[in-house]
S.K.: 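Have a look at this one.
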Amino acid sequence: MIIIKRNLQIAVWLLLSVLLISCGQVITPTISTTQIPTSFFTESPLPVTSLPTASSVPHAATPSAYPVLTGTFTPAPSYLLAATKSGEQVYIDPEGWYAVNIPVEWQAEDSPNSFVGEDGFFQTGYLPEMMHMRGALDVCQWLANIDTKGTYSVSWLRTHGSTIGSGCQLNSLPGVTPAAVLEVIQSPSADYPHRFLYIKSDKEHFDHISYTLAWLRPGGETREEELQTANLRPEDISFWDNTDPIPLGFSITEYKLPAEAQNASPGEKIFLEFIPPEALPKPHKSSSTYTPKSQESVNETITPFGYDLRSGGETYLYDLYKDGALALKNIHRLPDVYIFSTSDGEKLVFLALTVKDPAQRFYTQGNAASYLVQNDTITLWENKPVNPMYTGGRAIWAAGEPLILGLGDHTDVQVRNGYHDLLFSFATYFGTHIPIKRFLAWNDHWILAVSDFIIQDGEILNAKFGFEEVFNWYLMEGKPFYFFRKGPQVGISYDGRFLPVYYHEIIHGYCCGLALNNPRTHENTIRFFGMRDGIWKYVIVEIE
């Protein structure tokens with residue numbers, strides 16, 4: 001009898017889902033919702049495909065609105081709605097991708113897909129304007145740093161409860177009211193406009209609500225995204241129609257990779273073995289050799305400024321002397337020392353991390369402090385231990401002052417000047433590491449690369465130009481070079497110009513052994529693996 005009763009309940013749930021899915025209702029009689037809204041070639045001995053220019057970029061038919069699903073949908077038995085408890089109602093996505101349980105007393109607001117009660121709220125929907133982002137983490141970083149600056153911290157999630165998607169969370173910072181959690185979930189099998197969905201609620205209810213989220217469509221294998229078939233949006237067409245001509249001395253050579261590479265995944269296979277021998281860079285001798293940092297090497301740099309780093313009372317501690325007098329005691333690791341040549345002479349800059357009581361752990365509350373050393377001046381930097389996820393201290397010289405890179409109280413990357421003034425912060429995440437790619441100075445500008453975002457002098461280039469990704473910033477022949485994604489296509493910027501060449505994918509961002517697949521520079525060339533129209537190529541950009 002128990003089994004028969006349970007099967008009857010399941011049948012009723014399925015019937016209600018089919019009846020309500022087309023009108024986007026929650027399972028309650030009073031609530032309904034609506035949907036939220038070529039002369040530059042170098043001849044190659046292997047086949048080289050003509051590079052597309054602005055006039056040859058294929059313009060697919062552009063729909064008047066993002067495509068939506070039509071007709072009714074029956075949830076697969078393996079993706080049944082979560083059983084409701086007393087006092088819960090089921091919200092069913094009008095597009096048929098997911099369902100979630102919320103308190104029964106919460107009522108629909110005027111805003112679509114938004115519900116509120118006396119003790120909390122719930123919002124949900126899709127992010128079609130971000131459908132070409134690389135992944136959910138880039139979406140969360142965009143929301144936290146561009147759309148809602150200073151409101152959320154970012155965290156990474158591999159999976160979401162019982163769902164099959166990957167995602168990330170935004171948690172409201174202390175002092176922000178109402179305290180809320182917003183989660184972005186990437187569906188591995190949805191079409192592009194439905195690729196990223198979000199759920200948002202007050203902190204008190206979020207965990208329970210998010211646990212009930214269930215897919216209504218079977219996911220199966222991860223959808224192979226075919227960017228080359230995606231429609232260009234009107235803004236994409238306008239952008240690619242107005243790119244700049246290829247500058248003199250700039251050439252691109254493409255080598256079509258063999259069939260084994262076309263069937264391989266850069267997330268599983270190192271592509272270097274597919275490069276033809278004649279395309280490999282010529283070996284050259286480096287003018288500098290690597291030497292590990294040591295007490296002797298540090299002293300070699302700081303001695304001309306009157307400093308001397310001596311071994312302390314413990315084997316892992318050091319004392320800093322200035323002109324023979326003790327200046328700082330119990331420095332707990334060798335500092336990263338920087339010398340900058342300026343119009344006012346050489347500038348010495350480094351952070352010294354100290355422990356107050358060697359008998360206690362460095363990260364014990366109140367037992368650590370850091371000091372900034374600048375030539376003859378030593379000032380307190382922070383009266384607390386540095387963030388263990390990133391010890392920081394990386395320094396550059398830009399616009400006449402030192403800039404120091406570090407972390408805030410959360411995983412927010414911070415740029416401060418020598419007076420400890422906060423110039424810029426960027427909310428990011430901690431996975432295997434903090435995704436800081438570059439921090440450097442260029443022509444009195446400063447450049448910070450975090451994840452798939454590039455910041456110049458505090459301005460995020462992704463937002464400035466409407467790019468879903470900006471990555472691999474290099475200084476080539478004294479001019480900036482980087483890759484960017486605009487819609488379904490990846491382009492190249494050099495010397496402030498956006499060039500009329502595109503790919504559907506450029507391998508980047510891998511770590512560990514697979515990092516060999518990432519773009520790399522060699523003398524005056526940039527080499528990378530790019531895919532256009534389903535064909536992988538090895539590409540050499542040469543700048544004379």
S.K.: When you measure from the side chain of R195 to the backbone of L127, do you find a donor-acceptor pair of N or O atoms at a distance under 3.5 Å?
M.R.: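 Here the side-chain-to-backbone pair does not exist.
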S.K.: With a 3.5 Å distance limit and no angle check, can you tell me whether E468 reaches the backbone of G487 through a side-chain donor-acceptor pair?
M.R.: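 Yes.
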S.K.: Check whether any side-chain N or O of S265 sits under 3.5 Å from a backbone N or O of G267 as a donor-acceptor pair, and report yes or no.
M.R.: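 Present.
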S.K.: Using the side chain to side chain contact (heavy atoms under 4.5 Å, CB included) rule, take V100 and F122 through it: C-alpha gap first, then chi angles, then the decisive distance, then the call.
M.R.: CA-CA 10 Å; V100 66; F122 171 72; 3.5 Å; yes
S.K.: Once you measure the plane-to-plane angle for F239 and F498, does it fall in the parallel (<30°), tilted (30-60°) or perpendicular (>60°) bin?
M.R.: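 F239 and F498: tilted rings.
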S.K.: Determine whether M531 and K537 satisfy the following criterion, side chain to side chain contact (heavy atoms under 4.5 Å, CB included), listing intermediate values before the conclusion.
M.R.: CA-CA 6 Å; M531 186 259 284; K537 308 166 188 292; over 6 Å; no
S.K.: Please find the pair of heavy atoms, one from N387 and one from H410, that lie closest to each other, and give the distance.
M.R.: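 In this case the closest contact between N387 and H410 is ND2-O, 3.7 Å.
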S.K.: To the nearest 0.5 Å, what is the distance between CD1 (I396) and CD1 (I447)?
M.R.: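 These two atoms lie 8.5 Å from each other.
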S.K.: I'd like to check S201 versus V181 (side-chain heavy atoms, cut-off strictly below 4.5 Å). Are they in contact?
M.R.: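 They are not in contact (no side-chain heavy atoms under 4.5 Å apart), so the answer is no.
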S.K.: Is it true that D495 and K479 have a side-chain N and a carboxylate O under 4.0 angstrom from each other?
M.R.: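 Salt bridge flag = yes for K479 with D495.
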S.K.: Run Y98 and T124 through side chain to side chain donor-acceptor pair (under 3.5 Å) and show every step you take.
M.R.: CA-CA 11 Å; Y98 65 98; T124 187; 2.5 Å; yes
S.K.: Nearest 0.5 Å, please: how far is CG in N145 from CG in D412?
M.R.: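 D412 atom CG to N145 atom CG measures 9.5 Å (nearest 0.5 Å).
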S.K.: Show me the donor-acceptor pairs within less than 3.5 Å that the side chains of residues 427-444 make with the rest of the protein, sequence neighbours left out.
M.R.:
| from | atom 1 | to | atom 2 | distance (Å) |
| --- | --- | --- | --- | --- |
| T428 | OG1 | Q141 | OE1 | 2.9 |
| R438 | NE | W473 | O | 2.9 |
| D444 | OD1 | A399 | N | 3.4 |

S.K.: Side-chain contact test, heavy atoms from C-beta onward, threshold under 4.5 Å: evaluate it for T525 versus V541 and give yes or no.
M.R.: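 No, their side chains stay 4.5 Å or more apart.
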S.K.: Is it true that T411 and Y390 share a donor-acceptor pair across their side chains at a distance under 3.5 Å?
M.R.: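 There is no such pair between these side chains.
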S.K.: State which residues pass side chain to side chain donor-acceptor pair (under 3.5 Å) with D147; sequence neighbours excluded, sorted by chain then number.
M.R.: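 Listed in chain order: W142.
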S.K.: F196 and Y126: aromatic ring centres closer than 6.0 Å?
M.R.: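 Not close enough - the centres of the two rings lie 6.0 Å or further apart.
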S.K.: So does K293 get a backbone contact from the side chain of S297, meaning a donor-acceptor N/O pair under 3.5 Å?
M.R.: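 No, because the side chain of S297 does not come within donor-acceptor range (under 3.5 Å) of the backbone of K293.
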S.K.: For this output row, return yes or no: ring centroids of W536 and F274 closer than 6.0 angstrom.
M.R.: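 Centroid separation for W536 and F274: 6.0 Å or greater.
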S.K.: Taking the ring centre of each residue, are Y503 and F528 less than 6.0 Å apart?
M.R.: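 Distance test on ring centres: under 6.0 Å, yes.
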S.K.: Any idea which heavy atoms bring A180 and K200 closest together, and the distance?
M.R.: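 Reported closest heavy-atom pair: CB-CE, 4.2 Å.
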S.K.: Report the distance from atom CD of E544 to atom CD of E542, rounding to the nearest 0.5 Å.
M.R.: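 So the gap between those two atoms works out to 4.5 Å.
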S.K.: So, do F471 and V490 sit near enough that their side-chain heavy atoms are less than 4.5 Å apart?
M.R.: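 Yes, at least one pair of side-chain atoms sits under 4.5 Å.
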S.K.: Does any non-hydrogen side-chain atom of L372 lie less than 4.5 Å from one of F350?
M.R.: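 Result no, sub-4.5 Å side-chain heavy-atom pair not found.
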S.K.: Heavy atoms, side chains only, cut-off 4.5 Å: are I540 and I252 in contact?
M.R.: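 No; the side chains remain at least 4.5 Å from each other.
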S.K.: Among residues at least two apart in sequence or on other chains, which ones pass side chain to side chain donor-acceptor pair (under 3.5 Å) with S111?
M.R.: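 S111 satisfies side chain to side chain donor-acceptor pair (under 3.5 Å) with no other residue.
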S.K.: Could you report the tightest heavy-atom contact between I507 and P266, atom names first, then the distance?
M.R.: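 Scanning both residues, the minimum pair turns out to be CD1-CB, 3.3 Å.
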S.K.: With rounding to the nearest 0.5 angstrom, report the OH to CD distance, Y198 to Q123.
M.R.: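 Rounded to the nearest 0.5 Å, the OH-CD separation comes out at 6.0 Å.
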S.K.: Determine yes or no for a side-chain-to-main-chain donor-acceptor pair under 3.5 angstrom, with N417 supplying the side chain and P402 the backbone.
M.R.: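 Not a single qualifying donor-acceptor pair exists.
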S.K.: Drop me the distance from R416's CZ to L403's CG, to the nearest 0.5 angstrom.
M.R.: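 One gets 12.0 Å once the value is rounded to the nearest 0.5 Å.
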S.K.: Is there a donor-acceptor contact under 3.5 Å linking the side chains of H132 and Q489?
M.R.: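 No - no donor-acceptor pair under 3.5 Å links their side chains.
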S.K.: Is it true that Y482 and Y474 have ring centroids separated by less than 6.0 Å?
M.R.: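 No, too far apart.
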S.K.: Strictly below 4.0 Å, N to O, side chains only: are R532 and E505 in salt-bridge contact?
M.R.: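 Salt bridge between R532 and E505, a charged N being under 4.0 Å from a carboxylate O: no.
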S.K.: CG/L448 to CZ/F424 distance, rounded to the nearest 0.5 angstrom?
M.R.: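 Between atom CG of L448 and atom CZ of F424 there are 6.5 Å.
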S.K.: Within the 4.5 Å heavy-atom criterion, are I455 and W446 side-chain neighbours or not?
M.R.: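 Sidechains of W446 and I455: in contact.
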S.K.: Using only atom types and a distance under 3.5 Å, with no angle test, would you say the side chain of D93 pairs donor to acceptor with the backbone of W97?
M.R.: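 Yes.
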S.K.: Ignoring hydrogens, what is the shortest heavy-atom contact between A449 and I454? Give both atom names and the distance.
M.R.: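 Looks like CB-CD1, 3.4 Å.
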S.K.: Answer yes if the side chains of N518 and H508 hold a donor-acceptor pair under 3.5 Å, and no otherwise.
M.R.: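 Checked: N518/H508 side chains show no N/O donor-acceptor pair below 3.5 Å.
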S.K.: Under 6.0 Å between the ring centres of Y538 and F529?
M.R.: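 Yes: the rings meet the under 6.0 Å criterion.
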S.K.: Taking all heavy atoms of G167 and all of A136, pick out the closest pair and write down the distance.
M.R.: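 Heavy-atom minimum between the residues: CA-CB, 3.8 Å.
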S.K.: Report yes if the distance between the aromatic ring centroids of H504 and Y502 is under 6.0 Å, otherwise no.
M.R.: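 Yes, ring centres under 6.0 Å apart.
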S.K.: Are I185 and S166 side-chain neighbours, meaning at least one heavy-atom pair lies under 4.5 Å?
M.R.: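 When only atoms from C-beta onward are counted, S166 and I185 do not touch, as no gap falls below 4.5 Å.
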S.K.: Might you point out which heavy atoms bring P247 and L499 nearest each other, and give the distance in Å?
M.R.: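 Scanning both residues completely, I find the closest heavy atoms to be CD-CD2, 3.8 Å.
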S.K.: Let's go through E477 and N524 carefully: what are the C-alpha distance in whole Å and the side-chain angles of both, what is the deciding distance for side chain to side chain contact (heavy atoms under 4.5 Å, CB included) to 0.1 Å, and is it a yes or a no?
M.R.: CA-CA 7 Å; E477 300 299 314; N524 63 328; 3.6 Å; yes
S.K.: Around L422, counting heavy atoms of other residues, nucleotides and ligands shown, do more than 12 lie under 6.0 Å from its CG?
M.R.: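 Yes - once you tally the heavy atoms of other residues, nucleotides and ligands closer than 6.0 Å, there are more than 12.
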S.K.: For the side chain of R527 and the backbone of A279, is there at least one donor-acceptor N/O pair under 3.5 Å apart?
M.R.: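 Between the backbone of A279 and the side chain of R527 there is a qualifying donor-acceptor contact (under 3.5 Å).
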S.K.: How far apart are the C-alpha atoms of F484 and F465, what are their side-chain angles, what is the distance that settles it, and do they pass the ring-ring contact (aromatic ring centres under 6.0 Å, His included) test?
M.R.: CA-CA 10 Å; F484 62 88; F465 299 116; 8.4 Å; no
S.K.: Report the residues that fulfil side chain to side chain donor-acceptor pair (under 3.5 Å) with H522, sequence neighbours left out, ordered by chain and then residue number.
M.R.: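 H522 satisfies side chain to side chain donor-acceptor pair (under 3.5 Å) with no other residue.
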S.K.: Is the shortest side-chain N to carboxylate O distance from D452 to R485 below 4.0 Å?
M.R.: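 Answer for the salt bridge query: no.
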S.K.: May I ask you to test the K149-T151 pair for a side-chain heavy-atom distance under 4.5 Å?
M.R.: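 Heavy-atom side-chain distance check fails, nothing below 4.5 Å.
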S.K.: Quick one: do Q169 and L157 satisfy side chain to side chain contact (heavy atoms under 4.5 Å, CB included)? Show the steps, please.
M.R.: CA-CA 7 Å; Q169 273 189 3; L157 298 173; 3.5 Å; yes
S.K.: Can you list everything that forms a side chain to side chain contact (heavy atoms under 4.5 Å, CB included) with D409? Sequence neighbours excluded, please.
M.R.: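 With neighbours one apart ignored, the set is K384.
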S.K.: Could you list the residues that satisfy side chain to side chain donor-acceptor pair (under 3.5 Å) with E382, not counting sequence neighbours?
M.R.: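 Checked E382 against side chain to side chain donor-acceptor pair (under 3.5 Å); matches are H420.
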S.K.: Is it the case that the side chain of D241 and the backbone of D236 share a donor-acceptor pair, with hydrogens and angles ignored and the cut-off at 3.5 Å?
M.R.: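 The answer is no, because no donor-acceptor pair under 3.5 Å joins these two groups.
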